[in-house]
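Numbers restart at 1 for each chain; the letters A, B, ... are given by sequence-line order, proteins then strands.
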Amino acid sequence: MSSAPFRNARGTRDLLPQDLVLVRHLERVAQKVASAASYREVRTPMFEETRLFQRSLGETSDVVSKEMFSVPKRGTEGAELNLADGYTFRPENTASIARAYVQGGFAASAPLQKWFYVGPMFRYERPQKGRERQFSQFGVEAFGPQSPTLDAEVVGVALQFFHALGFDDQLQVRVNSMGDPEDRAIWSEELRKFFADQFAGESTERCPDCVVRFERNVFRLLDCKVPRCVERNEGAPDLFSVMGDDAKRHHQEFGQALRAIGFEPVEDRSIVRGLDYYSRTVFEVHYPPLGARSALCGGGRYDGLVEEMGGRPTPGVGFSIGFTPTELALKELGLPHAADLQDLEDGLMPQVYAIGIGEEDRLELFRLVTELRQAGIRCELDHRGKSPKAQFQEAAKSGARFALVLGAEEREAKQIVLKDLAAKEERKVGQDEVLTLLHQGLGE
RNA sequence: GUGGAUGUAGCUCAGUUGGUUAGAGCAUCGGUUUGUGGUACCGAAGGUCGCGGGUUCGAGCCCCGUUAUCCACCCCA
């Protein structure tokens with residue numbers, strides 16, 4: 001047996017009471033902005049069949065090819081582990097939700113469904129600042145219409161989220177279009193033709209990653225940040241030059257819809273998103289003052305995904321926001337304002353601290369405390385047999401507004417001392433009226 | 001997966017050119033005469049200096065390995 005101390009698994013973290021103040025604030029803001037736009041919450045399982053992600057995100061995506069938390073199915077006794085046939089902890093939620101949409105029978109008639117989710121995702125990556133192996137995301141998915149205003153509505157919800165958290169109008173929406181599948185097929189051909197020379201022969205000026213990209217996913221060549229590769233991307237064919245009219249018009253109308261709600265989109269052809277399922281609209285929400293880590297939200301349209309999951313062709317659009325980068329950004333910006341968290345902080349503190357003078361008072365005090373708790377008052381008492389003085393110290397530290405003091409004298413008279421800890425005023429009251437008085441004093 | 005930095009009490013950190021029983025602040029617990037408070041004062045507890053080798057008369061300090069954490073790259077949220 002090892003004597004090494006137990007630790008949380010790499011890339012995970014414990015959310016202790018104090019940490020949960022912020023997390024719960026993020027969750028409720030998410031819930032608020034989503035439901036304001038009629039998105040309803042859904043929760044899918046934390047793990048799915050591995051093939052779901054392979055199919056939807058694409059075998060060549062980084063997420064699927066090297067970042068999956070997978071477990072084999074049981075019962076393949078003696079056989080070597082076959083991870084592809086097993087389960088995988090969801091690395092993102094869109095695939096699961098599209099699956100649930102189809103499985104729930106919605107794809108049969110493709111009605112408008114607007115859903116949101118908040119919950120943990122898992123990716124087997126090397127942890128670093130703003131990146132964990134288990135992290136929470138807030139996201140929305142809208143199925144049904146292919147309308148550009150729906151794209152803009154989705155973006156609007158994301159913007160609302162950051163707005164409600166205190167981000168100012170420096171928030172920026174960067175947009176691009178991946179076109180339709182036919183467009184991408186043509187584009188892919190054109191790109192291969194354009195880059196063919198660069199990858200012909202033994203040696204290439206491109207980075208090793210790009211060599212792989214050329215083989216497996218040409219589009220990603222355009223993503224490369226290596227300077228010498230960026231140079232060599234100049235003059236590459238533009239998707240927009242081969243894009244069909246419908247997709248083009250969609251993109252244009254998407255831009256108009258964003259302007260209608262007060263956002264001037266920034267066209268950014270480098271946004272391609274790493275997952276296979278995107279089509280037409282792709283976007284990111286940035287907050288430029290954050291510098292290198294300015295990307296807060298990514299999303300886009302996935303018109304082919306539902307069909308890929310076995311449903312009738314049903315367009316969809318959504319985004320996801322990672323809590324981890326959001327928390328980092330908030331910290332840097334000095335947000336949220338203390339007032340926004342006050343109610344959550346208050347919830348961590350008792351409102352009343354009950355003090356017993358002698359050992360004989362404990363049961364009576366415990367009974368009284370329990371009564372107050374049942375009435376919804378946050379009430380605490382000492383369980384360690386501390387001296388009255390020490391109990392007063394605890395009461396002061398606890399943040400309670402009132403103290404109750406019970407001694408032999410009060411017990412016999414069915415009374416109790418009610419003390420306002422801030423005003424340092426106390427008076428003896430009947431035990432039967434203490435609840436009413438506390439409700440009054442606490443303004444409830 | 002590649003590279004860099006770091007690892008001393010629960011937390012944040014000191015620890016001089018390697019030299020006797022490793023320190024501080026915060027937090028914890030107790031006390032300042034036992035029915036009244038977050039201050040102050042006194043005291044206690046708490047460390048195999050990440051782990052394993054090596055060099056040395058002697059290592060928290062030097063060397064090697066290992067592990068963990070953090071940071072950067074890749075990619076992403």
Enquirer: Say we look at B:rC49 and B:rU56: how far apart would their P atoms be, to the nearest angstrom?
Expert: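 Result for the P pair: 22 Å, nearest Å.
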
Enquirer: Tell me whether A:Phe135 and B:rA77 count as stacked here, given that the ring centres must be under 5.5 Å apart and the planes must differ by less than 30 degrees.
Expert: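 Yes, the aromatic ring of A:Phe135 stacks with the base.
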
Enquirer: Please name the residue in the list A:Lys129, A:Glu132, A:Gln137 that meets the side chain to side chain donor-acceptor pair (under 3.5 Å) test with A:Thr324.
Expert: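 Single pass found, and it is A:Glu132.
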
Enquirer: Does any residue of residues 117-125 of chain A have a heavy atom under 4.0 Å from RNA chain B, and if so, which ones, in number order?
Expert: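 Close to the strand are A:Arg123, A:Glu125.
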
Enquirer: For B:rG60, give the paired nucleotide (Watson-Crick: N1-N3 plus N6-O4 or O6-N4; G-U: N1-O2 and O6-N3; both under 3.5 Å), or none.
Expert: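 Matched B:rG60 with nothing under the 3.5 Å cut-off.
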
Enquirer: Measure CD/A:Gln18 against C1'/B:rC11 and give the value in whole Å, please.
Expert: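 It works out to 15 Å between those atoms.
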
Enquirer: Report the distance from atom CG of A:Leu438 to atom CD1 of A:Ile377, rounding to the nearest 0.5 Å.
Expert: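 Here the interatomic distance stands at 4.5 Å.
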
Enquirer: Expressed as a whole number of Å, how far does the P atom of B:rC26 sit from that of B:rU39?
Expert: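 10 Å, rounded to whole Å.
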
Enquirer: Taking only the C1' atom of each, what is the distance from B:rG46 to B:rG3 in whole angstrom?
Expert: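 So the two C1' atoms sit 39 Å from each other.
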
Enquirer: Are the side chain of A:Gln431 and the backbone of A:Gln415 linked by a donor-acceptor contact shorter than 3.5 Å?
Expert: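 Here the side-chain-to-backbone pair exists.
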
Enquirer: Mind checking who B:rU69 pairs with, Watson-Crick or G-U wobble, both distances under 3.5 Å?
Expert: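 B:rU69 is paired, partner B:rA5.
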
Enquirer: Please report the C-alpha distance between A:Glu125 and A:Arg10 in whole Å, then the side-chain angles of each, then the deciding distance to 0.1 Å, and finally whether the salt bridge (charged side-chain N to carboxylate O under 4.0 Å, His left out) criterion is met.
Expert: CA-CA 10 Å; A:Glu125 296 186 273; A:Arg10 184 170 212 194; over 6 Å; no

Enquirer: For B:rU66 versus B:rU21, give the span between their C1' atoms, rounded off to a whole number of Å.
Expert: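 Nearest-Å result for B:rU66 against B:rU21 at atom C1': 31 Å.
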
Enquirer: I need the NZ-P distance between A:Lys66 and B:rU2, as an integer number of Å.
Expert: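 Distance check: A:Lys66 NZ to B:rU2 P gives 12 Å.
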
Enquirer: Does a side chain donor of either A:Gln172 or A:Arg174 reach within less than 3.5 Å of an acceptor in the other side chain?
Expert: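 Distance-only check passes for A:Gln172 and A:Arg174.
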
Enquirer: Please list, pair by pair, any protein nitrogen or oxygen found under 3.5 Å from a nitrogen or oxygen in nucleotides 67-69 of chain B.
Expert:
| from | atom 1 | to | atom 2 | distance (Å) |
| --- | --- | --- | --- | --- |
| B:rU69 | OP2 | A:Arg10 | NE | 2.8 |

Enquirer: Which part of the nucleic acid does A:Gly130 contact within heavy-atom distance under 4.0 Å: base, sugar-phosphate only, or nothing?
Expert: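 Here A:Gly130 touches the bases of the nucleic acid.
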
Enquirer: If the C1' atom of B:rG60 is compared with that of B:rA14, how far apart are they to the nearest Å?
Expert: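 Each nucleotide's C1' atom is 12 Å from the other's.
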
Enquirer: Just checking A:Phe116 against A:Tyr39, ring centres under 6.0 Å apart?
Expert: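 No, the ring centres sit 6.0 Å or more apart.
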
Enquirer: Decide if the gap between the ring center of A:Phe138 and the ring center of A:Phe319 is smaller than 6.0 angstrom.
Expert: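 So the answer is yes for these two rings.
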
Enquirer: Is A:Glu92 touching bases, backbone alone, or none of the nucleic acid, heavy atoms closer than 4.0 Å?
Expert: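 Nothing, no nucleic acid heavy atom in range.
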
Enquirer: What's the CG-C1' distance between A:Leu328 and B:rC71, to the nearest Å?
Expert: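 Checked: the CG to C1' distance equals 12 Å.
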
Enquirer: Would you tabulate the nitrogen or oxygen pairs shorter than 3.5 Å linking the protein to nucleotides 35-45 of chain B?
Expert:
| from | atom 1 | to | atom 2 | distance (Å) |
| --- | --- | --- | --- | --- |
| B:rG35 | N1 | A:Glu410 | OE1 | 3.2 |
| B:rG35 | N1 | A:Glu410 | OE2 | 3.0 |
| B:rG35 | N2 | A:Glu410 | OE2 | 3.1 |
| B:rU36 | O2 | A:Lys419 | NZ | 2.5 |
| B:rU36 | N3 | A:Glu426 | OE1 | 2.8 |
| B:rU36 | O4 | A:Glu426 | OE2 | 3.1 |
| B:rG37 | N7 | A:Lys419 | NZ | 3.2 |
| B:rG37 | O6 | A:Lys419 | NZ | 3.4 |
| B:rG37 | O6 | A:Leu421 | O | 3.3 |
| B:rG37 | N1 | A:Leu421 | O | 2.5 |
| B:rG37 | N2 | A:Leu421 | O | 3.3 |
| B:rG38 | N2 | A:Ala396 | O | 3.3 |
| B:rG38 | N3 | A:Ala396 | O | 3.4 |

Enquirer: Can you tell me the pairing partner of B:rU16 across any strand shown, Watson-Crick or G-U wobble, with both distances under 3.5 angstrom?
Expert: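 Paired with B:rU16, as far as the under-3.5 Å criterion goes, is no nucleotide at all.
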
Enquirer: On RNA chain B, compare the nucleotides closest to A:Glu394 and A:Thr324; which residue's is nearer the 5' end?
Expert: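 The residue whose closest nucleotide sits nearer the 5' end is A:Glu394.
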
Enquirer: Return yes if some donor-acceptor pair links the side-chain N/O of A:Trp115 with the main-chain N/O of A:Phe143 below 3.5 Å, else return no.
Expert: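 Side chain of A:Trp115 to backbone of A:Phe143, a donor-acceptor pair under 3.5 Å: no, none is there.
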
Enquirer: What's the gap between B:rG15 and B:rA24 when it is taken at their C1' atoms, as a whole Å value?
Expert: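 Taking atom C1' in both B:rG15 and B:rA24, they lie 11 Å apart.
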
Enquirer: Under 3.5 Å, is there a donor-acceptor pair linking the side chains of A:Glu141 and A:Tyr302?
Expert: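 There is such a pair (donor and acceptor under 3.5 Å, judged by atom type) between the side chains of A:Glu141 and A:Tyr302.
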
Enquirer: Does B:rC71 have OP1 or OP2 under 4.0 Å away from a side-chain N or O of A:Gln128?
Expert: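 Negative; the distance criterion is not met.
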
Enquirer: Both distances below 3.5 Å, Watson-Crick or wobble geometry, any strand: find the nucleotide opposite B:rC74.
Expert: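 Base-paired to nothing in any strand shown.
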
Enquirer: What's the CZ-C1' distance between A:Arg133 and B:rA77, to the nearest Å?
Expert: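 Computing the A:Arg133:CZ to B:rA77:C1' distance gives 16 Å.
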
Enquirer: Determine the Euclidean distance between corresponding P atoms of B:rG65 and B:rA22; express it in Å to zero decimal places.
Expert: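 It works out to 30 Å between them.
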
Enquirer: Relative to the ring of A:Phe283, is the ring of A:Phe254 parallel (under 30°), tilted (30 to 60°) or perpendicular (over 60°)?
Expert: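 Plane angle between 30° and 60°, so tilted.
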
Enquirer: Is the backbone N or O of A:Leu221 less than 3.5 Å from a side-chain atom of A:Asn233, with the two atoms forming a donor-acceptor pair by type?
Expert: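 Checking the backbone N and O of A:Leu221 against the side chain of A:Asn233, a donor-acceptor pair under 3.5 Å is found.
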
Enquirer: Does either side chain, that of A:Tyr287 or that of A:Asp168, offer a donor lying less than 3.5 Å from an acceptor on the other one?
Expert: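 A:Tyr287 vs A:Asp168: donor-acceptor pair found between side chains.
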
Enquirer: Looking just at side-chain N and O atoms, do A:Asn93 and A:Thr44 make a donor-acceptor pair shorter than 3.5 Å?
Expert: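 A donor-acceptor contact under 3.5 Å links the two side chains.
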
Enquirer: Using the P atoms only, state how far B:rG30 lies from B:rC70, rounded to an integer number of Å.
Expert: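 B:rC70 and B:rG30 have their P atoms separated by 35 Å.
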
Enquirer: For A:Leu421 versus A:Ala400, what's the shortest heavy-atom pair and its separation?
Expert: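 Smallest heavy-atom distance, with atoms named: CD1-O, 3.4 Å.
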
Enquirer: According to the Watson-Crick and G-U wobble definitions, with both distances under 3.5 Å, which nucleotide is paired to B:rG30?
Expert: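 Base-paired to B:rC42.
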
Enquirer: Pick the nucleotide of RNA chain B nearest each of A:Pro127 and A:Ala390; which residue has the one closer to the 5' end?
Expert: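 Nearest nucleotide further toward 5': that of A:Ala390.
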
Enquirer: Pairing check on B:rG35: which nucleotide meets the Watson-Crick or G-U wobble criteria with it, both distances under 3.5 Å?
Expert: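 WC or wobble partner does not exist here.
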
Enquirer: Is A:Arg293 touching bases, backbone alone, or none of the nucleic acid, heavy atoms closer than 4.0 Å?
Expert: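 Sugar-phosphate only.
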
